[in-house]
2 protein chains.
Amino acid sequence: MSKAGHTGSNEAARQRLQMADIARLAGVSTATVSRALNNSPLVNQETRTRILELAASLKYSINIGAQNLRLKQNRTVGVLIPFDPRTHQSLTDPFLLAMLGSLADALTERGFDMLFSRIGTDEIGLAAASYDSGRVIGIIMVGQWGRHQELNALAARKVPLVVWGAQLPQQLYCCVGSDNVNGGRLATEHLIAQGRRRIAFFGDSALPEPAQRYRGYCEALARHGIAVDPRLQVSCSFLPEGGHEAVAALAARGVDYDAVFACSDLIAMTAIDSLRSLGRHVPDEVAVVGYDDIDQASWFHPRLTTVRQPIGAAGRALVDALLAQVEGGAALSAELPTELVIRASAGETAT
Amino acid sequence: MSKAGHTGSNEAARQRLQMADIARLAGVSTATVSRALNNSPLVNQETRTRILELAASLKYSINIGAQNLRLKQNRTVGVLIPFDPRTHQSLTDPFLLAMLGSLADALTERGFDMLFSRIGTDEIGLAAASYDSGRVIGIIMVGQWGRHQELNALAARKVPLVVWGAQLPQQLYCCVGSDNVNGGRLATEHLIAQGRRRIAFFGDSALPEPAQRYRGYCEALARHGIAVDPRLQVSCSFLPEGGHEAVAALAARGVDYDAVFACSDLIAMTAIDSLRSLGRHVPDEVAVVGYDDIDQASWFHPRLTTVRQPIGAAGRALVDALLAQVEGGAALSAELPTELVIRASAGETAT
DNA sequence: GTGAAAGCGCTAACAG
DNA sequence: CTGTTAGCGCTTTCAC
């Protein structure tokens with residue numbers, strides 16, 4: 001909300017057509033114009049059409065700001081995608097694009113607009129600024145970013161809020177996400193079924209979603225009597241560097257592995273790139289399973305076996321959960337189903 | 001602008017704190033609160049701090065809608081990414097994510113908010129709705145989508161508008177883009193330098209940007225005395241299917257080629273995927289050059305040789321051009337430089 | 001320094 | 001059916 005310069009657009013806005021102009025031109029009062037434009041049945045058929053035509057020909061459109069003020073209404077929703085202030089890159093994962101598209105569609109369908117912002121993960125407490133100032137009726141935040149407490153604080157303040165992420169204990173805010181534990185389980189089971197035993201885990205386990213996927217991974221290993229080797233768990237970011245970092249870390253540790261379960265397709269892909277540089281064949285020497293099922297997964301080489309998150313449903317679920325809150329309803333968290341998509345990167349055989 | 005249901009948030013908005021509340025609590029008039037909150041020097045130092053603290057502790061924030069109405073100002077910009085109504089997918093190219101991120105950053109830097117919408121390419125005439133209704137002070141549209149006339153019409157109406165795309169004759173609207181002709185030339189020259197002679201062109205040449213890249217391609221061929229073979233020019237979409245379509249089309253035509261210049265990295269990548277399925281080696285049998293230089297280009301296999309568009313500069317240029325118009329200045333179109341990034345997909349040797 | 005009052009562009013009683 | 005009037009939450013002369 002820093003105001004840079006005086007670029008307030010005062011000049012341009014000043015000369016815009018308004019209801020009074022239409023009224024004068026049509027020879028009626030603004031009340032009648034208002035009624036006509038809002039399709040009130042109270043207004044005479046022919047005056048209505050006359051007004052409508054006049055407005056259309058002049059491209060007049062009701063000033064939403066004034067209308068909102070008068071009606072105490074608002075149909076815009078804030079969408080926030082946080083970024084790590086240390087790198088300031090975040091819009092780097094194609095999964096987010098798909099999510100944004102899905103949210104835009106879901107909002108449009110319901111007649112809402114989207115105010116989009118990035119925000120530093122260190123200033124998530126300020127996420128409600130747009131709500132406090134009446135700019136938006138609620139906020140959809142993509143990812144928890146390890147800011148559980150701040151999010152709880154927002155919810156405690158009754159800021160309408162839905163977060164894409166993982167269900168956590170002591171969670172006051174509404175959270176929509178996919179079934180991460182099951183996703184981790186599916187991926188790991190598949191790898192085990194391919195005969196792999198030394199399965200590495202790539203993901204930032206300080207974050208809730210990767211942590212739950214890790215739990216699924218551990219459960220699957222346990223079920224098959226395979227010991228969890230902590231040296232196979234490597235923490236890496238969701239940035240494109242993630243996979244490279246992780247492969248390098250494993251090499252530095254000198255541990256052996258024959259498979260990787262990566263917490264995003266992006267990590268999986270960059271990991272595969274690193275493995276290729278190291279001369280390790282995927283999937284023969286190292287089988288890789290990703291997460292998300294972004295578009296690229298289906299034409300990457302090798303085609304990525306991955307856990308699909310239902311992105312279309314996700315956008316709708318997030319929006320619905322938010323609107324429910326706004327209308328005073330309960331903020332129901334939801335967990336969407338995940339599903340394994342078998343392609344080539346983890347070996348050819350289906351489970 | 002279709003209103004679905006009555007989810008207007010009337011209920012929630014109703015009980016929000018407002019300036020009068022702060023005034024009452026502080027024992028002053030709203031005028032004083034307004035002055036204090038706006039850092040007017042007219043207000044007494046201690047009353048000011050008292051009011052500021054009160055407001056902060058109550059998380060009160062000035063209602064922007066009312067403020068905007070009173071001040072006739074507005075600091076939000078509309079960003080539109082059109083989609084093809086036949087497929088309704090459009091947020092499918094990672095290049096767009098990068099662009100969106102760049103725009104978000106540039107707007108934030110200048111203290112503006114972004115209202116993001118998708119819109120059908122068939123309803124671009126409606127793109128100004130958010131401007132006409134005073135929702136935004138101007139519009140940034142990503143891509144021309146073959147709607148030159150509609151865009152000209154908007155500009156003729158004096159809607160503040162900047163389009164990411166190609167400079168065209170008889171262009172009334174402000175347009176920022178990269179140097180497409182040079183980009184096409186660079187890519188093609190590189191391919192020729194690698195000894196390729198049968199260079200296919202992949203891109204929707206009905207669109208201005210691909211058309212200009214094609215011109216650069218033709219120029220480069222001409223300079224080297226290579227005849228342009230129209231059968232090597234294949235029109236394909238910017239969707240992920242693009243590359244697949246194009247490779248299939250060429251196969252159907254039965255024409256031979258040893259190189260591809262693709263109008264986006266996405267097309268290049270999916271084309272490579274198809275070529276691989278056909279058993280044709282990249283770059284040995286077919287050298288491929290892409291366009292955009294998205295993140296993935298550097299870790300795709302083979303690493304993509306591509307024409308870089310300066311995305312960071314693009315966002316800033318688009319925003320600056322728009323704000324200049326809003327402030328009543330001239331709408332200066334701009335062409336950003338393009339640059340060839342040599343990696344592996346077109347052969348190893350630099351030009 | 002501070003308050004009273006008018007008005008930004010619109011809508012909704014309330015009269016007629 | 002239509003116009004008059006008041007007021008949404010804020011800012012800003014103009015008095016005091």
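Keep in mind that the numbers below use all heavy atoms, side chains included, and drop hydrogens, waters and symmetry copies. In what follows, chains are A, B, ... by sequence order, proteins preceding strands, each numbered from 1.
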For [X] and [N], what is the distance between atoms [atom1] and [atom2] respectively, to the nearest whole Å?
X	N	atom1	atom2	answer
B:Asn39	D:dT12	CG	P	13 Å
B:Arg16	D:dC8	CZ	C1'	14 Å
B:Gln18	D:dG9	CD	C1'	6 Å
A:Arg135	D:dC10	CZ	C1'	15 Å
B:Leu71	D:dT13	CG	P	11 Å
B:Arg70	D:dG7	CZ	C1'	15 Å
B:Leu37	D:dT12	CG	P	13 Å
B:Leu69	D:dT12	CG	P	13 Å

Can you see whether B:Tyr131 has A:Arg16 sitting over its ring - NZ or CZ less than 6.0 Å from the centre and within 45° of the normal?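 Checked: cation-pi criterion met.
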
Within residues 43-63 of chain B, residues whose heavy atoms come under 4.0 Å of DNA chain D: B:Tyr60, B:Ile62, B:Asn63

Using a strict heavy-atom distance below 4.0 Å, which residues from residues 24-35 of chain A are in contact with DNA chain D?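 Close to the strand are A:Val28, A:Ser29, A:Ala31, A:Thr32, A:Arg35.
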
List, one per line, each side-chain donor-acceptor pair under 3.5 Å for residues 114-128 of chain A, sequence neighbours excluded.
from: A:Arg118; atom 1: NH1; to: B:Asp105; atom 2: OD1; distance (Å): 3.0
from: A:Arg118; atom 1: NH1; to: B:Asp105; atom 2: OD2; distance (Å): 2.8
from: A:Arg118; atom 1: NH2; to: A:His88; atom 2: O; distance (Å): 3.1
from: A:Arg118; atom 1: NH2; to: A:Ser90; atom 2: OG; distance (Å): 3.2
from: A:Glu123; atom 1: OE2; to: A:Gly120; atom 2: N; distance (Å): 3.1

Taking [Y]'s backbone N and O only, do any of them form a donor-acceptor pair with [X]'s side chain (distance below 3.5 Å, no angle check)?
X	Y	answer
B:Arg75	B:Arg110	yes
B:Ser133	B:Ala129	yes
A:Gln167	A:Ala334	yes

Is there side-chain contact between [X] and [Y], with heavy atoms separated by less than 4.5 Å?
X	Y	answer
B:Val79	B:Leu100	yes
B:Val136	B:Val77	no
B:Leu323	B:Phe112	yes

Which donor-acceptor pairs under 3.5 Å do the side chains of residues 152-166 of chain B make with protein atoms, sequence neighbours left out?
from: B:Asn152; atom 1: OD1; to: B:Leu172; atom 2: N; distance (Å): 2.6
from: B:Asn152; atom 1: ND2; to: B:Gln170; atom 2: O; distance (Å): 2.9
from: B:Arg157; atom 1: NH2; to: B:Asp132; atom 2: OD1; distance (Å): 2.6
from: B:Arg157; atom 1: NH2; to: B:Asp132; atom 2: OD2; distance (Å): 2.9

Exercise: identify the closest heavy-atom pair between A:Gln144 and A:Tyr173: NE2-OH, 3.0 Å

Can you name the nearest heavy-atom pair linking B:Thr30 to B:Ala20, along with the distance?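 Result for this residue pair: CG2-CA, 3.7 Å.
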
Can you list the residues that meet the ring pair (Phe, Tyr, Trp, His ring centres under 6.0 Å) rule with B:Phe95, with sequence neighbours excluded? none

With respect to the phosphate group of C:dT11, does any side-chain polar atom (N or O) of A:Lys72 fall under 4.0 Å of OP1 or OP2? no

Please state whether the phosphate of C:dT11, meaning OP1 or OP2, lies under 4.0 angstrom from any side-chain nitrogen or oxygen of A:Gln67.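 It does, given that an N or O in the side chain of A:Gln67 lies less than 4.0 Å from OP1 or OP2 of C:dT11.
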
Hey, what bend do you get for the helix from C:dG1-D:dC16 to C:dG16-D:dC1 if you fit axes on five pairs at each end, rounded to 10°? 40°

With the side chain of B:Ala66 defined as its heavy atoms from C-beta on, choose the nearest nucleotide among D:dC10, C:dT11, C:dG9.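 It is D:dC10.
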
Describe the nucleic acid contact of B:Asn38 in one word from base, sugar-phosphate, nothing, applying a heavy-atom distance below 4.0 Å.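 Here B:Asn38 touches the backbone only, sparing every base.
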
